[in-house]
Amino acid sequence: MSVVSEGAAKRPSIINPGRFAGIADRAVPILGVATVLALAVGLYLALWASPEDYQQGSTVRIMYIHAPSAYISLMAYLVMCSASLGTLVWRHPLADVAARCAAPIGAVFTVATLATGAIWGKPMWGAWWVWDARLTSMLILFFMYLGLIALVRAIDEPVRAARITAIATLIGFVNIPIIKFSVDWWNTLHQGASVIRLDGPAMPASMLTPLLVMALAFTLLFMTLHLAAMRTELIRRRARSLRLRTARSAG
């Protein structure tokens, strides 16, 4: 983990922290507007335009929040894994910023996944929670997010914190394929994949379309929140760097 140094700010690259902050300043409002528009369209299609399920009734509409939340909770962790490689291999200051800022967002979307799953599970399964392979691996993902957030905050030395957290993040990647393929590897209560299948989606277009629009809206929401969080973290590190420089000059 590195603060945004003056040397780094002079690098003529899009991943230069100083130039990235300028790009984020312009991109966040645009992404924010796109997120609102996509959410408006997606919620209209999901809550009013899509049909009820012949077995689940209106309860099926929870899927339009639950499935995109699950998708983002996994995508956030993949972003953290990619950023962790950037930290360990290229030691780029933005990599650690990206990983650190993705963790809280991933944790929130994981909670949303577990909560909406419980709300759906009570009327459909008769229980808020079962120790199903998919549910249990998602719960483990939530604890992994909390653990990584706590780990990076527990180590005072920034570079050491970034490296240890990056290694822990990459070790935790083993849970991602377990979540994805748990419904295929074990006989679980959770239903199998409905969208990404070799023989095509297992739902009509009237349900698939709002689900894909909501997935796009959640992706835009993640990008907006992540970029805004990275911009804030860069400002915080810059301020910390200036405070340390001032303290050294005064000492």
Side-chain angles (χ1 to χ4, degrees), residues 1-35 72-73 75-112 141-173 220-251:
M1 184 187 303
S2 304
V3 295
V4 182
S5 66
E6 292 182 357
K10 294 177 181 177
R11 295 172 190 160
S13 168
I14 193 172
I15 56 175
N16 170 284
R19 187 172 182 182
F20 174 84
I23 294 174
D25 286 341
R26 295 188 292 273
V28 167
I30 297 172
L31 287 171
V33 172
T35 299
I72 295 298
S73 66
M75 190 183 77
Y77 201 88
L78 294 179
V79 169
M80 292 176 62
C81 288
S82 300
S84 296
L85 287 175
T87 297
L88 295 174
V89 178
W90 297 285
R91 300 181 182 180
H92 196 283
L94 270 182
D96 176 53
V97 174
R100 174 184 283 221
C101 294
I105 303 173
V108 170
F109 278 104
T110 306
V111 169
L141 177 64
F142 174 63
F143 288 136
M144 285 166 52
Y145 276 126
L146 294 185
L148 291 170
I149 293 170
L151 180 62
V152 75
R153 293 182 178 179
I155 303 174
D156 292 331
E157 205 285 306
V159 175
R160 183 165 171 264
R163 291 177 181 171
I164 292 177
T165 306
I167 293 171
T169 300
L170 292 175
I171 292 174
F173 173 78
L220 291 169
L221 177 60
F222 172 79
M223 293 172 65
T224 305
L225 295 175
H226 194 216
L227 276 181
M230 288 181 68
R231 182 180 58 184
T232 302
E233 176 66 13
L234 287 172
I235 294 172
R236 188 190 70 80
R237 293 186 181 198
R238 178 63 176 168
R240 180 177 181 275
S241 177
L242 291 175
R243 284 198 304 272
L244 291 175
R245 192 179 307 167
T246 302
R248 283 196 294 267
S249 300

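Residues meeting the side chain to side chain contact (heavy atoms under 4.5 Å, CB included) test with Ala239, sequence neighbours left out: Arg243. Residues forming a side chain to side chain contact (heavy atoms under 4.5 Å, CB included) with Val28 (at least two apart in sequence, or on another chain): Thr224, Leu227, Ala228, Arg231. Legend: residues meeting side chain to side chain contact (heavy atoms under 4.5 Å, CB included) with Leu242, ordered by chain and number and at least two apart, are Arg238, Arg245.
Atoms CG and CZ, from Leu225 and Phe109 in turn, are 6.0 Å apart once rounded to the nearest 0.5 Å. Met144 CE to Thr110 OG1: the interatomic distance, rounded to the nearest 0.5 Å, is 9.5 Å. From Asp96, atom CG reaches atom OG1 of Thr165 across 7.5 Å, with rounding to the nearest 0.5 Å. The SG atom of Cys101 lies 10.0 Å from the CG atom of Leu94; values are rounded to the nearest 0.5 Å. One finds the CD1 atom of Ile30 at 11.5 Å from the OG1 atom of Thr35 (value rounded to the nearest 0.5 Å).
Sorted by first and then second residue, the ring-ring contact (aromatic ring centres under 6.0 Å, His included) pairs with a member in residues 222-241 read Phe222-His226; sequence neighbours excluded. The stretch residues 143-159 participates, sequence neighbours left out, in no side chain to side chain donor-acceptor pair (under 3.5 Å) pair at all.
Minimum heavy-atom separation, Leu148 to Ala168: CD2-CB, 3.7 Å. For Leu220 against Ala34, the heavy-atom pair with the smallest separation is CD1-O, 3.7 Å. Between Ala95 and Gly86, the shortest heavy-atom contact is CB-C, 3.6 Å. What you find for Arg163 and Leu88 is that their closest heavy atoms are O-CD2, 3.9 Å.
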Taking only distance into account, with no hydrogens and no angle test, what donor-acceptor pairs under 3.5 Å do side-chain atoms of residues 76-85 form with protein atoms, sequence neighbours excluded?
residue: Tyr77; atom: OH; partner: Thr169; partner atom: O; Å: 2.6
residue: Ser82; atom: OG; partner: Leu78; partner atom: O; Å: 3.1
residue: Ser84; atom: OG; partner: Met80; partner atom: O; Å: 2.7

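A 4.5 Å side-chain heavy-atom check between Pro158 and Arg237 finds every atom pair outside the cut-off.
Other residues, nucleotides and ligands contribute only 12 or fewer heavy atoms inside 6.0 Å of the CE atom of Met223.
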